[in-house]
Amino acid sequence: MVGELLEEYPKKIEDHYVIIRFSKIEQILGTKIHREKVKEILKALDIQVLNEIQNGLEISVPAYRADVTREIDVIEEILRIYGYNKIDAPQKISFTPIKLSAQDQDELENNWARTLQSLGFNEVMNNSLTSVKDETDAVKLLNPLSNDLAFMRKSLLEGLLQNAIYNINRKNQDIKFFEFGKIYHKREKYEERKQLAILVTGREVAENWLQPKSATSFYNLKAYVKVLLEKLAIEYKEVALADERFSDALAYEAEGKTLVRIGKVAPQMLKDFDIDQECFYAEIELEFAQELRSKNELKFKDIPKFNKIRRDLALLIDKNVNYQDLYQTAKKNKSPYIKNINLFDVYEGKNLPEGKKSYAMSFELLNEEKTLEEKEIASVMDSLIKSFQKEFNAELRG
């Protein structure tokens, strides 16, 4: 059996006592409402006027209106009933512009966003909740809405690939996307990091009769990343990177920590998203970038008075040797004249011995105090050639 309904009410909940000022109403709303109209609105809201005081009212707000306990709450309710459309917009708006300092990460993000937009990129925003194939280090929700939204994302790549296939299926194959977002891991403790992720795929330049078709490449993405890093005024080095998300990849390191990961997306990942065109992806650690940026000051120096000298080398090497190996060997050269190293051609195919490939590299040499003499240039190039021959058994082509 069910007995009588018992209600225990040891202490009555009192109505809210509030004082409102007509001058405050005018200040907040920017317009004057007739006092009788104010009292009419309060009556319609079941708010009792207890007493009229000088330039205001003492009122009692019903206890069930738990969201109306202060003067500003009552003014908001008056405005809601009076009508937002009846309030005229001010003819003049005053504000104080704020310039964010170099210590502010938002300023860095805004700067990078504007730079990427000027290069033809579009910004995307993806859900932090997702599903994962590998639950290692993953952060799982206690009460997920569904199996598809059961984990916090471990990487921004999957979201960008989903954006890419959505566009590709709608005949937009030429894609430049970037996203600012956080990733989450559970290792010894929970980790949360913010990154800038960049994805490019398709053609670098839209199809037109003036230019031949040009597929975007790893080097296009690398150039975009370098444009962003130039704004940090920092020193970093390239190192080889092993990451299952990439088929070929490298990392940029500063102060012994990884700042950037960049590479060609692995075929298996593309297959998982039904993408049949090459994609290139980079991610930059935002907090670390801001930390490095705050330590450095961008400095300018005079344009060199003497011209740079360029020399090229075409090297025949084993297929298992990559450009990163050659680059690091060249960087070890003690010559102060080497200012820039670049790979401008890779060839594998006919007319080459089995198991070999050809790398064409350029070297820019400069002495800032005088014009380089030919014997000085020859000395530097001979030293590079000997290093490549010793380390990789390289042969000169042509």
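On a predicted model such as this, the values are computed, not experimentally measured, just so you know.
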Could E26 and R35 be called an ion pair, given the rule that one side-chain N must be under 4.0 Å from one carboxylate O? no
Salt bridge (Lys or Arg N to Asp or Glu O under 4.0 Å) pairs touching residues 123-133, sequence neighbours excluded, are K133-D272
List the residues meeting ring-ring contact (aromatic ring centres under 6.0 Å, His included) with F178, not counting sequence neighbours, and say none if there are none. F180
Quick one: list whatever passes side-chain hydrogen bond (donor to acceptor under 3.5 Å, both in side chains) with E278, sequence neighbours left out. K264
Pairwise side chain to side chain donor-acceptor pair (under 3.5 Å) hits with a residue in residues 378-395, at least two apart: N333-S383
Using a 4.5 Å side-chain heavy-atom cut-off and chaining through intermediate ILVMFWY residues, the residues clustered with F344 come out as none
Residue pairs passing the side chain to side chain donor-acceptor pair (under 3.5 Å) test with at least one member in residues 140-149, sequence neighbours excluded, are none
F306, CZ atom: more than 12 neighbouring heavy atoms under 6.0 Å: yes
Can you list, by chain and residue number, the hydrophobic cluster partners of Y281 when the side-chain cut-off is 4.5 Å? V124, L156, L157, L160, L161, I165, I168, I175, F177, I183, L199, L241, F246, V265, M269, L270, F273, I275
Per the salt bridge (charged side-chain N to carboxylate O under 4.0 Å, His left out) rule, which among E283, E192, E191 passes with K182? E192
Among residues two or more places apart or on two chains, list those pairs meeting salt bridge (Lys or Arg N to Asp or Glu O under 4.0 Å) that have a residue in residues 41-62. K39-E52
Under 4.5 Å side-chain linkage, directly or through intermediates, the cluster mates of V239: none
Strictly by salt bridge (Lys or Arg N to Asp or Glu O under 4.0 Å), give each pair with a member in residues 351-364 just once, sequence neighbours left out. K308-E364, D318-K356
How would you list, by chain and number, every residue that makes a ring-ring contact (aromatic ring centres under 6.0 Å, His included) with F392, sequence neighbours excluded? none
Transitive ILVMFWY cluster of Y64, excluding itself - 4.5 Å side-chain cut-off: none
